Amino acid sequence: MQKNQVFTAGITGATSQGLGVARFEDRAVFVKGAIPGEVCKIKLIKVTKTAVYGRLEQVLEPSPHRTVPECPHFGLCGGCDFMHMDYDLEAELKRQRVADALRRIGGVDPEPLPMAAAPVLEGYRNKAQFPVAMTAEGPAAGFFRARTHQLIPVTRCMIQPPEAEAAAGAVLAWMNRYHILPYDETTHRGYIRHIFVRKAEVTGQLMVCLAANCEKLPKGQQLAEALKAALPGVTTVVHNVNTRPDNVILGDTYHVLLGDGCIEDELCGLRFRLS
């Protein structure tokens with residue numbers, strides 16, 4: 001078995017990360033984008049003693065569960081793993097993951113486990129963390145390509161609420177207006193590292209937090225005013241100080257620019273303050 005070999009095989013299973021599993025020369029080959037039940041042409045791209053990975057070259061016999069992802073960023077950003085299949089198969093693979101864990105780790109053989117399907121498939125996240133970087137078009141927010149720190153600019157993420165993108169857009173407009181530079185991981189210069197947005201599901205309150213490479217955020221009050229104008233539901237804006245040279249998203253110090261630094265939400269009949 002060598003890198004760059006091409007072979008044809010059936011996809012017999014899937015991992016919890018959505019990778020298809022094929023067999024070649026008595027070894028499992030993990031293939032991004034392949035779906036159980038398909039026959040695919042696969043090219044080996046990584047062969048180690050512990051794992052083998054292949055690239056999907058061609059789907060020869062597609063699964064009836066295969067779909068065309070609606071998100072234009074699918075496969076580019078390091079977010080969603082299952083958009084190339086319908087939700088029925090996604091739910092079944094996740095059900096199998098839990099059952100397999102109970103057998104393999106828990107040592108029990110469970111009864112058939114029912115799956116409680118998600119009521120909505122879009123806009124269900126309540127927290128967004130957008131890394132920010134400089135591009136040829138100026139400052140941009142989005143998500144990193146899988147296993148890299150290459151920014152994929154994203155203006156609309158289907159699993160985030162629209163308020164998250166509106167907040168990111170308002171921050172980018174503020175950066176352009178006042179020439180606030182994004183943080184550069186190579187030189188450790190610049191300011192804005194991440195845009196952190198949290199939405200309370202029941203109350204609708206919104207928090208926007210900027211992780212920035214500075215003790216005092218330039219034009220901080222103008223930022224708070226811009227966010228309040230763009231998103232009337234914003235109840236608090238926070239500057240998080242992160243001057244560390246590593247990849248940790250949030251530092252230990254917070255400066256509140258608007259509100260009291262918290263939002264409130266309800267769960268199981270109780271009201272919680274979220275910092």
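Keep in mind the model is a prediction, meaning the values are calculated, not measured.
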Quiz item: Short question: side chain of N242, backbone of V248 - any donor-acceptor pair under 3.5 Å?
Solution: yes
Quiz item: Counting only N and O atoms by type, is there a donor-acceptor contact under 3.5 Å from the side chain of Q205 to the main-chain atoms of I263?
Solution: no
Quiz prompt | Pair K228 + E225: basic N to acidic O under 4.0 Å | solution = no
Quiz item: Considering only heavy atoms from C-beta outward, does the side chain of P139 approach that of I192 to under 4.5 Å?
Solution: no
Exercise. For the residue pair R193 and I249, establish whether any side-chain heavy-atom pair is separated by less than 4.5 Å.
Key: no
Quiz prompt | Test item: T67 side-chain N/O and M83 main-chain N/O as donor-acceptor pair under 3.5 Å | solution = yes
Exercise. Take R271 and E264, measure what salt bridge (charged side-chain N to carboxylate O under 4.0 Å, His left out) needs, and give me the verdict at the end.
Key: CA-CA 7 Å; R271 196 170 183 93; E264 294 187 357; 2.5 Å; yes
Self-check item: Shortest non-hydrogen contact between A224 and L258, atoms and distance
Solution: CB-CB, 4.1 Å
Quiz item: Do other residues, nucleotides or ligands put more than 12 heavy atoms under 6.0 Å from E70 CD?
Solution: no
Self-check item: Side-chain donor or acceptor of N213 paired with backbone N/O of H188 under 3.5 Å
Solution: yes
Quiz item: Which one of V47, V31, I45 satisfies the side-chain contact (heavy atoms from CB on, under 4.5 Å) criterion with V52?
Solution: V47
Practice problem: Return the orientation label for the H239 and H255 ring planes: parallel under 30°, perpendicular over 60°, tilted otherwise. | Solution: tilted
Practice problem: Verify, without hydrogens or angle tests, whether H84 (side chain) and G75 (backbone) share a donor-acceptor contact under 3.5 angstrom. | Solution: no
Self-check item: R23, CZ atom: more than 12 neighbouring heavy atoms under 6.0 Å
Solution: yes
Quiz item: Less than 6.0 Å separating the ring centroids of Y183 and Y191?
Solution: no
Quiz item: Nearest heavy-atom pair of C77 and F143: which atoms, and what distance?
Solution: CB-CB, 3.9 Å
Self-check item: Flag, side chain of E215 to backbone of V241, donor-acceptor distance under 3.5 Å
Solution: no
Exercise. Give a yes or no on whether the backbone of V21 and the side-chain of T12 come within a donor-acceptor separation of less than 3.5 Å.
Key: yes
Self-check item: Side-chain donor/acceptor of E38 to backbone N/O of I11, under 3.5 Å
Solution: no
Quiz item: Closest heavy-atom contact between A166 and L231?
Solution: CB-CD2, 3.8 Å
Quiz item: Within a strict 4.5 Å, meaning less than it, do heavy atoms of the K43 and N4 side chains meet?
Solution: yes
Self-check item: Electrostatic pair D100-R97, nearest N-O below 4.0 angstrom
Solution: no
Quiz item: Is a side-chain N or O of T243 found less than 3.5 angstrom from the main chain of C214, in a donor-acceptor match?
Solution: no
Quiz prompt | Check: V202 main-chain N/O paired with D265 side-chain donor or acceptor under 3.5 Å | solution = yes
Self-check item: Same apolar cluster: V120 and I159, side chain cutoff 4.5 Å
Solution: yes
Quiz prompt | Enclosure of D246 CG (heavy-atom neighbours >12, cutoff 6.0 Å) | solution = yes
Quiz item: Taking all non-hydrogen atoms of both residues, which atom of T253 and which atom of N240 are closest, and how far apart?
Solution: O-ND2, 3.3 Å
Quiz item: Looking at L227 and A167, what are the two nearest heavy atoms and their distance?
Solution: CD2-O, 3.8 Å
Quiz item: Can you name the closest pair of heavy atoms from Q17 and F82 and give their distance?
Solution: C-CZ, 4.1 Å
